[in-house]
Amino acid sequence: MAEINDINKASAAELQRAFQVSEERAQMILARREELGGFSSWEEIQQVTGISDETIESLKDAGFHVVVASTPFRPAKQA
């Protein structure tokens, strides 16, 4: 099973794996995440200064997902 890279738990170094994310942008993402108490959508991340559609796509391509803590993953019940 593929690993889920939760953008709400990622460090600055992990965020920088994405092609479009510099150290400065990673720190800005982390600061905004802390202000909001976590991201609930890609749109919230895009509100960070300097985060473009291309940056969002780069984060997605690097395997990041927005995992909302209030809606935990529940596997389907087996019959």
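In this structure, CD1 in Ile56 is found 6.5 Å from CD1 in Ile7, a value given to the nearest 0.5 Å. Here the CZ atom belonging to Arg25 is positioned 11.5 Å from the CD atom belonging to Gln16, to the nearest 0.5 angstrom. Atoms CH2 and CG, on Trp42 and Asp53 in that order, are 12.0 Å from each other to the nearest 0.5 Å. To the nearest 0.5 Å, atoms CE (Met28) and OG (Ser22) are separated by 8.5 Å. Here the straight-line distance linking atom CD of Glu44 with atom CD of Gln47 works out to 6.5 Å at 0.5 Å rounding. Interatomic distance, Ile29 CD1 to Thr55 OG1, rounded to the nearest 0.5 Å: 7.5 Å.
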Could you please spell out the steps behind the side-chain contact (heavy atoms from CB on, under 4.5 Å) verdict for Asn8 and Val68? CA-CA 8 Å; Asn8 284 313; Val68 181; 5.7 Å; no
Phe64 and Asp6: CA distance, side-chain angles, deciding distance, side-chain contact (heavy atoms from CB on, under 4.5 Å) verdict: CA-CA 6 Å; Phe64 288 99; Asp6 182 357; over 6 Å; no
CA sep, side-chain torsions, deciding dist, call: Ile51, Gln20, side-chain contact (heavy atoms from CB on, under 4.5 Å): CA-CA 9 Å; Ile51 303 298; Gln20 297 273 337; over 6 Å; no
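When the side chains of ILVMFWY residues are joined at heavy-atom separations under 4.5 Å, either directly or via intervening members, Phe19 and Ile45 end up in two distinct hydrophobic clusters.
Taking each heavy atom of Ser41 and Val66 in turn, the nearest pair found is N-CG1, 3.6 Å. In plain terms, the two heavy atoms of Ala26 and Ala12 that are nearest each other are CB-O, 3.7 Å. Heavy atoms only, all atoms of each residue included: Ala18 and Leu59 are closest at CB-CD2, 3.8 Å.
With hydrogens and angles left out, the side-chain atoms of Glu54 and Ser58 include no donor and acceptor closer than 3.5 Å.
Every residue two or more places apart in sequence or in another chain that forms a salt bridge (Lys or Arg N to Asp or Glu O under 4.0 Å) with Glu35 is listed here: Arg32. Lys9 meets the salt bridge (Lys or Arg N to Asp or Glu O under 4.0 Å) test with no other residue; sequence neighbours excluded.
In terms of modelled atom types and a separation under 3.5 Å, the side chain of Glu14 and the main chain of Ser11 share a donor-acceptor contact.
In this structure, Glu23 places its CD atom where only 12 or fewer heavy-atom neighbours from other residues, nucleotides or ligands lie under 6.0 Å away.
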